[in-house]
Amino acid sequence: MQIAQLPTSSGIAGKGSGTARGVDGASGSVDGASTRADAAAPRGATSTLKRGLSNWDHQLQGEISNAQQTLDYLERSSSQLQALKSELAAKLAARAGRDGQVEARVRQFSSTWRDRSSASGGSLDAQLGYSSPQTAQQSFTIRGLTMASLQEGSQEVLAFSVGGANQALRSVNIEPGLSDEEIIARFDRALMPSNIRVRQGDDGQVVFSTPEASWANVRDSLAVRGSGIRFPTGQMNRVRTDPEPAVIVPEQWDTGDTEALRATLHEVVQALAHIQQSRASVSLALAQATARVESAQAQPVDVGMDTVAQSFTDKANKPGYESLLAISSALVGISRERVISLLGLR
């Protein structure tokens, strides 16, 4: 798969180009000729400010990088599934292939699927939904905590704990007469500090979500204490959580007999459809980010070199991230030959 590089004037390069790794992990290109031209430009030069440190959009760079990385992963997954589909079709048609080839293809894709989170930079969830700059989420429900149970019964205060006894409790006051929207809003507001968001599912259920990296901790430590109406009073009680199942489950693909091969072929075809849908979504996100870059380039800028220089001085004099970013970005691409060339312009 090829992804067209963005123009070098944007400060963002496609994968495979010469890049300098930024503090936030995004990549920015350095054009030697443009740098020399900017150095000699008069006050008010637009190109200088566009390449100036104060105009770097690190979040946008991260979005583009994540989209490219995710598209690479989806392309690799699609290729492996296509190969597996061909092997399965050949075996079902009694065109004997190499022994164990189908099983090897299943193991290959299973390994690729397990690497989904890291291979996509944490942007692709188990339902192949893409999110950037936010990280992929794990959705789940809590057994016994339904919209019907919350709207029935007397008033009760539910106290939630995530991460063990030393963590602060998050309380939700449930009372008769609350609408669906009010219940969701109260849960979402109470659990947001614990990195858990709450929404109403398509069928009306209460759906919780947390970053995939936090899921294991939430799953193993989430506890609730009630007033004896919906949940027992007294000690915190561990709750059972049901995660939203992954859209692809290669661990369940069987190749033991003809019926199993047919069922697996059906699952592979479905997986390919999900992959294609996800690729379309990520491609759209990449196109939108690219359009934002082009829009920013087209905007006129009426700030001169003095402003750029003052901005750099201010950032470099501040301790911490801003100083490190300003200095390290300014030093990218500087060499002895370039310094001599610039001095020759005086």
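This chain uses plain numbering: 1 for the first residue, then up along the sequence. We use all heavy atoms of the structure for the numbers below, so side chains are in, but hydrogens, waters and symmetry mates are not.
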Can any side-chain N or O of [X] pair as donor or acceptor with the backbone N or O of [Y] at less than 3.5 Å?
{"X": "Glu156", "Y": "Ser227", "result": "yes"}
{"X": "Arg199", "Y": "Ser209", "result": "no"}
{"X": "Gln252", "Y": "Val249", "result": "no"}
{"X": "Tyr73", "Y": "Leu124", "result": "no"}
{"X": "Arg230", "Y": "Gly144", "result": "no"}
{"X": "Trp253", "Y": "Val106", "result": "no"}

Mind listing the closest non-hydrogen atom pair of [X] and [Y] along with its distance?
{"X": "Glu244", "Y": "Gln127", "answer": "O-NE2, 3.5 Å"}
{"X": "Pro250", "Y": "Ser110", "answer": "CB-OG, 3.4 Å"}
{"X": "Thr146", "Y": "Val206", "answer": "C-CG2, 4.3 Å"}
{"X": "Asn173", "Y": "Leu178", "answer": "O-CD1, 4.1 Å"}
{"X": "Ser221", "Y": "Val162", "answer": "OG-C, 3.9 Å"}
{"X": "Ala190", "Y": "Ser171", "answer": "CB-O, 3.5 Å"}

Starting at [atom1] of [X], measure out to [atom2] of [Y] and round the result to the nearest 0.5 Å.
{"X": "Gln200", "Y": "Asp188", "atom1": "CD", "atom2": "CG", "result": "12.5 Å"}
{"X": "Gln68", "Y": "Ser283", "atom1": "CD", "atom2": "OG", "result": "11.0 Å"}
{"X": "Ser161", "Y": "Asn237", "atom1": "OG", "atom2": "CG", "result": "11.5 Å"}
{"X": "Gln82", "Y": "Ser79", "atom1": "CD", "atom2": "OG", "result": "7.5 Å"}
{"X": "Leu284", "Y": "Gln288", "atom1": "CG", "atom2": "CD", "result": "4.0 Å"}
{"X": "Leu74", "Y": "Arg279", "atom1": "CG", "atom2": "CZ", "result": "7.0 Å"}

With the side chain counted from C-beta on, respond yes when [X] and [Y] share a heavy-atom pair under 4.5 Å apart, and no when they do not.
{"X": "Leu88", "Y": "Val102", "answer": "yes"}
{"X": "Arg170", "Y": "Arg189", "answer": "no"}
{"X": "Asn66", "Y": "Pro133", "answer": "no"}
{"X": "Leu145", "Y": "Leu150", "answer": "yes"}
{"X": "Ile142", "Y": "Arg240", "answer": "no"}

May I ask whether [X] and [Y] are part of the same hydrophobic cluster, defined by side-chain heavy atoms of I, L, V, M, F, W, Y residues being less than 4.5 angstrom apart, directly or through others?
{"X": "Val247", "Y": "Trp215", "result": "no"}
{"X": "Ile174", "Y": "Val207", "result": "no"}
{"X": "Phe140", "Y": "Leu158", "result": "yes"}
{"X": "Phe231", "Y": "Ile229", "result": "no"}

Open item on the list: If you count every heavy atom of other residues, nucleotides or ligands that lies below 6.0 Å from Glu251 atom CD, does the total exceed 12?
Closed with: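 More than 12 within 6.0 Å, yes.
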Show the atom names and distances, to 0.1 Å, of all donor-acceptor pairs under 3.5 Å that link a side chain in residues 266-278 to residues at least two apart or in another chain.
| unit_1 | atom_1 | unit_2 | atom_2 | d |
| --- | --- | --- | --- | --- |
| Gln276 | NE2 | Ser78 | OG | 3.4 |
| Ser278 | OG | Leu128 | O | 3.0 |

Is the closest basic N to carboxylate O distance between [X] and [Y] below 4.0 Å?
{"X": "Arg186", "Y": "Glu175", "answer": "yes"}
{"X": "Asp242", "Y": "Arg143", "answer": "yes"}
{"X": "Arg292", "Y": "Glu63", "answer": "yes"}

TODO: Given side-chain contact (heavy atoms from CB on, under 4.5 Å), test Thr112 with Arg76 step by step and report yes or no.
DONE: CA-CA 8 Å; Thr112 298; Arg76 184 168 71 255; 4.3 Å; yes
Open item on the list: Can you tell me which residue among Arg107, Gln101, Glu103 is in a side chain to side chain contact (heavy atoms under 4.5 Å, CB included) with Arg105?
Closed with: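 Option passing the side chain to side chain contact (heavy atoms under 4.5 Å, CB included) with Arg105: Gln101.
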Task: Co-members of Met236 in a cluster of I, L, V, M, F, W and Y side chains, linked at under 4.5 Å - done: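 When side chains under 4.5 Å apart are linked, the cluster holding Met236 also contains Leu169.
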Open item on the list: Pair Ser132, Tyr130 - check side-chain contact (heavy atoms from CB on, under 4.5 Å), show working.
Closed with: CA-CA 7 Å; Ser132 181; Tyr130 176 74; 3.3 Å; yes
TODO: For the pair Gln80 and Ser77, evaluate side-chain contact (heavy atoms from CB on, under 4.5 Å) and give the outcome as yes or no after the intermediate values.
DONE: CA-CA 5 Å; Gln80 292 178 4; Ser77 298; 5.6 Å; no
- [ ] Please determine, by modelled atom types, if Asp125 and Gln137 share a side-chain donor-acceptor pair under 3.5 angstrom.
- [x]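 Distance-only check fails for Asp125 and Gln137.
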- [ ] Take the angle between the ring planes of Phe160 and Phe208 and call it parallel below 30°, perpendicular above 60°, tilted in between.
- [x]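 Correct class here is tilted.
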Task: Derivation of the side chain to side chain donor-acceptor pair (under 3.5 Å) call for Gln138 and Thr210 - done: CA-CA 5 Å; Gln138 174 63 61; Thr210 192; over 6 Å; no
Task: side-chain contact (heavy atoms from CB on, under 4.5 Å) evaluation trace for Gln151 with Met147 - done: CA-CA 6 Å; Gln151 290 177 328; Met147 191 63 71; 3.9 Å; yes
